[in-house]
Amino acid sequence: MAFIELKNVSKRYGKRLAVVDFTLHIDEGERVVLLGPSGCGKTTVLRLMAGLMAPYSGSIYLYGELASTDGKVLMQPESRHIGMVFQDLALWPHLTVKGNLEFVLKAKGVPRSERERRISEMLSLVSMEEFAYVKPTRLSGGQQQRVALARALISHPRILLMDEPLSNLDFELNLRLRRQIIRLQNRIGFTLIYVTHDREEAYDIGTRIVIMRNGRIAMVGSADDAEAYFSRLYSEIDDA
Ligand code: ADP
Ligand code: MG
């Protein structure tokens, strides 16, 4: 049984095909990176996995169970044990850092003492303990990023989806947060699906790279395989 399985998944927006015949198995504990240029369908694949929309055709299985198929979402997003971090973070500006995390736990009906415990644990994991009572707008980009990560992980998701989460940050900070994401993933053991258009970032984070072009999978393999794919591609372009 595959942990995550996409079988011939296609998605269209009106007449436009955004994802075409996408087939991929992901094992528990992998860090899979979807790598490709803007518009190639990366975000659409994440939204399909999260159950935020249904595939036009094809099926998605989670934990061995049929989650979405042929225009239907069968397993609702809130039942998928999936956490999400998007580029625009979407932290709640009127709540403190702690409030942002607490909101998630309250919505899940986690009792107060348990909430307190999990919030401190998570803030310490992302080294943000001293910012518990600060509002997100007063934080730097990197700090906001860590809060978004903490908020996504506090409900103990089995799968974390990250959509170009570090694209807006300067290089130094980007590097530091990559290390933090990898460290957290090693420590907690969630399965990571990470989207980027940056090759170097992809190779650093991914235990497996999926190169996408025009809504399709162009290559699946290691960072070395991906590099070989790109050198072949560029030598073909040079030859032409
Ligand atoms: P990526 O994340 O790789 O940039 P997307 O998944 O966002 O790609 O988009 C894939 C294709 O689908 C693009 O051509 C995009 O313009 C189109 N698209 C994405 N979202 C919508 C939408 N809500 N309505 C219409 N077209 C969309
Ligand atoms: Mg996108």
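Computation of the quantities below employed the complete heavy-atom set of this structure, encompassing side-chain atoms and omitting hydrogens, waters and symmetry-equivalent molecules. Both ligands and their constituent atoms are indexed starting at 1 by order of listing.
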Which residue pairs pass the salt bridge (Lys or Arg N to Asp or Glu O under 4.0 Å) test when at least one of the two sits in residues 170-179, sequence neighbours left out? R178-E200, R178-D204, R179-D204
Residues pairing under side chain to side chain donor-acceptor pair (under 3.5 Å) where one sits in residues 159-169, two or more places apart or in two chains, turn out to be T43-D163, Q87-N168, E164-S167, E164-H197
Identify which one of V195, L34, V45 satisfies the side chain to side chain contact (heavy atoms under 4.5 Å, CB included) criterion when paired with V210. L34
Are E78 and K108 within salt-bridge range, i.e. N to O under 4.0 Å? no
Compile the donor-acceptor pairs under 3.5 Å between side chains in residues 118-132 and protein atoms, sequence neighbours left out, one pair per line.
residue, atom, partner, partner atom, Å
R118, NE, I154, O, 3.4
R118, NH1, E114, OE2, 3.4
R118, NH2, I154, O, 2.7
S120, OG, E116, O, 2.7

Check ligand 1 for close polar pairs with the protein: N or O on both sides, less than 3.5 Å.
residue, atom, partner, partner atom, Å
ligand 1, 2 (O), T43, N, 2.9
ligand 1, 2 (O), T43, OG1, 2.8
ligand 1, 3 (O), C40, N, 3.2
ligand 1, 3 (O), G41, N, 3.0
ligand 1, 3 (O), K42, N, 2.9
ligand 1, 3 (O), K42, NZ, 2.8
ligand 1, 4 (O), G39, N, 2.6
ligand 1, 6 (O), T44, N, 2.9
ligand 1, 6 (O), T44, OG1, 2.5
ligand 1, 8 (O), G41, N, 3.1
ligand 1, 14 (O), R16, NE, 2.8
ligand 1, 14 (O), R16, NH2, 3.1

May I ask you to check whether T44 brings an N, O or S atom to under 2.8 Å from the Mg ion (ligand 2)? no
Can a donor-acceptor pair be found between the side chains of T44 and Y13 at a distance below 3.5 Å? yes
